[in-house]
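What follows is a single structure, written as structure tokens, with notes after it.
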Amino acid sequence: MTNYDASLPALNIGVAIDAASKHLVTVRDVVRFAVSRFGEAHLAFGHGNGSSLDEAAYLVCHALALPLDRLDSFLDARLLPEEIDRTLRLIRRRLVERIPAAYLTGEAFLGEYRFHIDERVIVPLSYIAHWLMADTSAWLPAPERIRDALELCTGSACLAIILALALDDAMVTAVDISAPALQVAQRNVADYGLQERVTLCRGDLFDAIEPSSRFDLIVSNPPYVTEESMARLPAEYRHEPQIALAGGDDGLVFVRRILAQSRIHLKPKGTLIVEVGHARERVEAAFPDLPFTWLDVDGVDDAVFLLTREQLPA
């Protein structure tokens with residue numbers, strides 16, 4: 001019986017890339033090569049790009065400082081040897097190390113907003129952010145009245161920043177238990193010049209704030225991956241801090257705590273909005289007496305729920 005050599009896949013990828021570097025000429029060549037290799041490697045695309053083509057286009061544009069929305073204009077451009085080498089280094093790392101593209105480039109986007117990202121925080125993906133960037137009037141009819149907002153589990157602070165930008169008059173408190181994550185958050189808050197309006201606090205959910213604090217709006221995208229799903233995560237997700245993903249046996253450990261404590265920290269007629277992945281059925285089964293409103297965001301109606309203060313358990 002032949003022993004399996006775990007280094008063989010990496011060696012094969014390295015051989016393929018070394019050979020390709022002598023034959024690739026144009027941007028189109030490099031994109032095609034990356035798409036083929038990504039497909040062969042069965043990479044997982046769950047961090048912003050939906051396919052091997054999207055991932056290849058993003059990495060090539062980043063390596064060559066090309067605008068992603070105008071890639072077609074450059075497909076037949078001939079590349080210098082050093083440009084090919086620089087691009088293939090990114091492609092090699094994506095294949096061999098299975099690192100999410102956002103960590104390779106040090107950036108992630110939510111809509112038009114760009115944020116610094118590294119392995120101290122998870123790659124931001126948020127239906128709540130998309131909802132805030134769209135028309136919120138159906139559920140927040142008077143956003144100008146929101147003066148104090150709280151985000152729990154802020155990570156890179158991307159959602160706190162979008163909250164501050166969407167709610168012109170609001171002061172935002174952003175909480176996370178991870179000191180390394182808050183270092184990333186601090187950089188992003190500074191990049192947007194929001195130090196006077198976004199306050200970062202370290203602690204475990206509501207333990208990070210004063211007991212007397214009250215808010216017009218509380219939002220959270222907490223860890224919600226079930227224990228079973230954690231055990232089956234693709235390699236790409238294992239580069240992310242597991243503390244920001246794992247939600248316990250049924251994925252609802254943090255949701256329960258947020259529901260139990262939010263009422264006392266909301267002002268009268270205040271609102272709680274929580275993102276739970278696609279766990280609507282699981283959430284409703286766990287809390288059959290709560291009158292959840294599920295927001296329709298980008299055609300998805302099982303990921304984000306809303307409750308008013310008066311609907312929350314006392």
Side-chain angles (χ1 to χ4, degrees), residues 9-119 121-127 129-130 133-134 156 158 232-240 277-278 297-300 303:
L11 289 173
N12 291 338
I13 290 167
V15 169
I17 289 177
D18 290 342
S21 66
K22 300 177 176 63
H23 299 284
L24 302 177
V25 176
T26 66
V27 174
R28 188 188 304 275
D29 293 339
V30 178
V31 171
R32 197 285 308 161
F33 174 80
V35 170
S36 296
R37 300 293 82 76
F38 290 171
E40 291 170 354
H42 302 292
L43 300 184
F45 305 111
H47 294 98
N49 295 318
S51 68
S52 57
L53 176 57
D54 292 340
E55 189 95 325
Y58 170 63
L59 288 175
V60 170
C61 285
H62 179 84
L64 300 175
L66 296 175
L68 187 58
D69 59 349
R70 295 181 57 197
L71 178 60
D72 288 350
S73 302
F74 300 94
L75 284 174
D76 295 315
R78 296 170 66 89
L79 296 175
L80 297 171
E82 57 266 30
E83 291 178 315
I84 292 175
D85 289 344
R86 182 166 67 245
T87 307
L88 290 180
R89 281 197 298 271
L90 268 185
I91 292 169
R92 182 195 295 263
R93 293 196 68 195
R94 182 67 183 91
L95 287 163
V96 175
E97 301 176 54
R98 297 295 179 110
I99 298 174
Y103 291 150
L104 291 173
T105 63
E107 65 181 9
F109 293 86
L110 286 175
E112 65 186 80
Y113 301 107
R114 177 189 179 279
F115 302 97
H116 170 73
I117 293 296
D118 61 37
E119 293 189 23
V121 295
I122 61 172
V123 179
L125 299 167
S126 174
Y127 285 112
H130 287 245
M133 291 183 282
S156 58
C158 57
R232 296 185 284 104
L233 285 177
E236 283 81 353
Y237 290 88
R238 300 191 182 280
H239 288 276
E240 296 185 291
H278 299 281
V297 185
D298 298 336
V300 174

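Ring orientation note: the planes of H47 and Y237 are tilted relative to one another, at an angle of 30° to 60°.
Annotation for L125 and G48: closest pair CD2-N, 3.8 Å, computed over non-hydrogen atoms. Nearest heavy atoms, E55 versus A101: OE2-CB, 3.6 Å. Summarising the geometry of C61 relative to P67, their closest heavy-atom pair is SG-O, 4.2 Å, with the distance given to 0.1 Å. Across every non-hydrogen atom of P124 and L110, the tightest pair is O-CD2, 3.8 Å. Residue E240 comes nearest to V123 through the heavy atom pair OE2-N, 2.8 Å, listed as atom of the first residue, atom of the second, then distance.
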inquiry  = Under the criterion side chain to side chain contact (heavy atoms under 4.5 Å, CB included), I'd like the reasoning laid out for Y127 against H278: C-alpha separation, chi angles, the key distance, then a yes or no.
reply    = CA-CA 11 Å; Y127 285 112; H278 299 281; 3.4 Å; yes
task = Kindly indicate, with the supporting measurements, whether the criterion side chain to side chain contact (heavy atoms under 4.5 Å, CB included) is fulfilled by V31 and L53.
result = CA-CA 8 Å; V31 171; L53 176 57; 4.0 Å; yes
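Ion pairing between E236 and R94 holds under the 4.0 Å rule for side-chain N and carboxylate O.
The CZ atom of R238 lies 12.5 Å from the CZ atom of R98; values are rounded to the nearest 0.5 Å. To the nearest 0.5 angstrom, R92 atom CZ is 10.0 Å from D85 atom CG. Note: F109 CZ to Y58 OH = 5.5 Å, rounded to the nearest 0.5 Å. Of the inter-residue distances, the one linking L79 atom CG with R28 atom CZ reads 12.0 Å to the nearest 0.5 angstrom. Atoms SG and CD1, on C158 and I117 in that order, are 6.5 Å from each other to the nearest 0.5 Å. Atom-to-atom distance recorded for D118:CG and L104:CG is 12.0 Å, nearest 0.5 angstrom.
Judged purely by atom type and a 3.5 angstrom limit, D29 uses its side chain to pair as donor or acceptor with the backbone of T26.
When side chains are defined from C-beta on, E119 counts as touching I99, because their heavy atoms get closer than 4.5 Å. R86 places a side-chain heavy atom less than 4.5 Å from the side chain of L64. Side-chain contact between V30 and I91: present, with at least one pair of heavy atoms (C-beta onward) separated by less than 4.5 Å. Side chains of F115 and V121 form no contact here, defined as non-hydrogen atoms less than 4.5 Å apart. Contact check for F38 versus S51: no side-chain heavy atoms found under the 4.5 Å cut-off.
Annotation: cation-pi geometry satisfied between R37 and F33 (NZ/CZ under 6.0 angstrom from ring centroid, within 45° of ring axis).
When each of T87, L75, L88 is tested with V60 by the rule side chain to side chain contact (heavy atoms under 4.5 Å, CB included), just one qualifies, namely T87.
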